[in-house]
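Following: one structure in C-alpha cells, then a few remarks.
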Number of protein chains: 2
Amino acid sequence: MSTATSKRELDHPAREEIRLETVLHALSDPVRMRVVRELAAAEGELSCSDFDLPVTKSTTTHHFRVLRESGVIRQVYRGTAKMNGLRRTDLEELFPGLFDRILEAAGLQGARLGG
Amino acid sequence: MSTATSKRELDHPAREEIRLETVLHALSDPVRMRVVRELAAAEGELSCSDFDLPVTKSTTTHHFRVLRESGVIRQVYRGTAKMNGLRRTDLEELFPGLFDRILEAAGLQGARLGG
DNA sequence: GTCAAACTACGATGGTTCTCGTACAATGGA
DNA sequence: TCCATTGTACGAGAACCATCGTAGTTTGAC
C-alpha cells in the first residue's frame with residue numbers, strides 16, 4: 001500500500017540542528033567509531049549487514065540510530081537493505097576540518113595500538 | 001607530615017594512555033566543553049573557582065576529574081587552589097590538529113546559536 | 001591556635017545507555 | 001504464494017553518568 005512507504009522514511013536532523021556535543025558523543029563509542037571509519041574507507045554507501053560488528057543485530061540497530069540522530073550518517077532504505085552514508089558535506093560546512101582530523105586521529109591511534 | 005603531600009598528587013594518564021574515544025566523551029558534555037573553551041581562551045592556568053559554572057561545587061569536582069582522567073587537562077595543587085591547564089602538547093602529539101578543530105567548531109557553533 | 005577558603009569524599013537519586021533476546025514487519029525473488 | 005533476507009520494536013537488565021547535599025580535609029593567613 002502507499003502509506004507503507006511513509007513508515008520507511010527515516011528522521012534525520014537538518015544540518016542546522018546538528019550539535020557538536022552530540023556528534024562527539026556519537027563518536028565516543030568504539031563500535032560507532034568503527035562503523036564511521038569503515039564508512040569513510042568505503043567512500044560510498046554500505047548496508048548495515050556489510051559490517052561485521054561484535055554485537056547483536058538489535059544493538060547494531062541501536063548504534064546506527066544514534067549515528068543517524070546525531071547527524072553523522074544518513075540512512076535510506078533500498079529494498080530490504082538500509083544504506084548508510086556519511087554526511088560529510090553537512091559536517092564540513094558546520095565544523096570545517098573537524099571530521100577529517102577525527103578520522104586521522106582514529107587512524108593514528110589504531111596504528112599505534114594495533115587496532 | 002611528609003606523606004600528606006602524596007595525597008595531594010593527582011593521577012594523570014601518561015600521553016600514550018590517552019584514548020581518542022575517552023577524549024571525545026569528555027568533550028561531549030556541555031559543562032566540560034565550556035571549561036575547556038575557557039581554559040583555551042585563558043592561555044594559562046585557572047583554578048577551579050575561576051569558573052562560573054551552572055552546577056554545584058561537587059558536580060564541578062566531578063567534571064574536572066573526568067577531564068583530568070581523560071587526559072584533556074592537567075591539574076596541580078597550588079596552596080588551597082587546584083590549578084588547571086590544557087595538555088595541548090600531549091594532545092597535539094597524539095592527534096595532530098584535532099584539538100584546534102574542536103575548539104574552532106565549538107566557537108562556530110557558539111556564534112551560530114548564540115552561546 | 002583559629003578560621004575562612006578551596007576542594008574532596010561519600011552516598012543517593014534519577015536519567016541515560018549499552019546490551020541482549022524474542023517476536024515482528026517489509027521487501028524481493030522463486 | 002511462500003520464503004529467505006534485512007532490519008525493527010519492545011521489554012528488560014546492568015552499567016554508567018550527571019547531579020546534588022552534607023560532612024570532611026587541606027592549606028594559608030591572621
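This structure is a prediction, so every number in the text was calculated from the model and none was measured. Residue numbers start from 1 in every chain, and the chains themselves are labelled A, B, ... in the order their sequence lines are given, proteins ahead of strands.
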Short side-chain to backbone donor-acceptor contact, Asp100(B) and Gly97(B), under 3.5 Å: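 Flag not set: sc Asp100(B) to bb Gly97(B) has no pair under 3.5 Å.
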Side-chain donor/acceptor of Arg88(A) to backbone N/O of Phe99(A), under 3.5 Å: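 Flag not set: sc Arg88(A) to bb Phe99(A) has no pair under 3.5 Å.
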[X] side chain: which of [options] is closest?
{"X": "His63(A)", "options": "dT5(D), dG7(D), dT19(C)", "value": "dT19(C)"}
{"X": "Thr61(B)", "options": "dC7(C), dA18(D), dC20(C)", "value": "dC7(C)"}
{"X": "Ser58(A)", "options": "dT27(D), dC7(C), dC10(D)", "value": "dC10(D)"}
{"X": "Tyr77(A)", "options": "dG21(C), dT19(C), dG7(D)", "value": "dG7(D)"}
{"X": "Thr80(A)", "options": "dG7(D), dA26(C), dG21(D)", "value": "dA26(C)"}
{"X": "Lys57(B)", "options": "dC18(C), dA18(D), dC7(C)", "value": "dC7(C)"}
{"X": "His25(A)", "options": "dT17(C), dG7(D), dA18(D)", "value": "dT17(C)"}

Roughly, in whole Å, what's the span from [atom1] in [X] to [atom2] in [N]?
{"X": "Leu10(B)", "N": "dC7(C)", "atom1": "CG", "atom2": "C1'", "value": "11 Å"}
{"X": "His62(B)", "N": "dA18(D)", "atom1": "NE2", "atom2": "C1'", "value": "5 Å"}
{"X": "Arg65(B)", "N": "dC20(D)", "atom1": "CZ", "atom2": "P", "value": "15 Å"}
{"X": "Asp50(A)", "N": "dG7(D)", "atom1": "CG", "atom2": "C1'", "value": "13 Å"}
{"X": "Glu9(B)", "N": "dT25(D)", "atom1": "CD", "atom2": "P", "value": "20 Å"}
{"X": "Asp29(A)", "N": "dC17(D)", "atom1": "CG", "atom2": "C1'", "value": "15 Å"}
{"X": "Glu69(B)", "N": "dC17(D)", "atom1": "CD", "atom2": "C1'", "value": "13 Å"}
{"X": "Ile73(B)", "N": "dC7(C)", "atom1": "CD1", "atom2": "C1'", "value": "13 Å"}

Gly79(A) or Thr56(A), whichever maps to the more 5' nucleotide of DNA chain C: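 Between the two, 5'-proximity favours Thr56(A).
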Side-chain heavy atoms of Asp90(A) within contact of Arg74(A), under 4.5 Å: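 Side-chain contact under 4.5 Å: yes.
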Close side-chain approach of Leu86(A) and Val36(A), heavy atoms under 4.5 Å: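 Side-chain contact under 4.5 Å: yes.
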Classify the nucleic acid contact of [X] as base, sugar-phosphate or nothing, counting any heavy atom under 4.0 Å across all strands shown.
{"X": "Ser49(B)", "result": "sugar-phosphate"}
{"X": "Thr60(B)", "result": "nothing"}
{"X": "Arg78(B)", "result": "nothing"}

Glu38(A) CD to Asn84(A) CG distance, which is reported to the nearest 0.5 Å: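 Here the interatomic distance stands at 11.0 Å.
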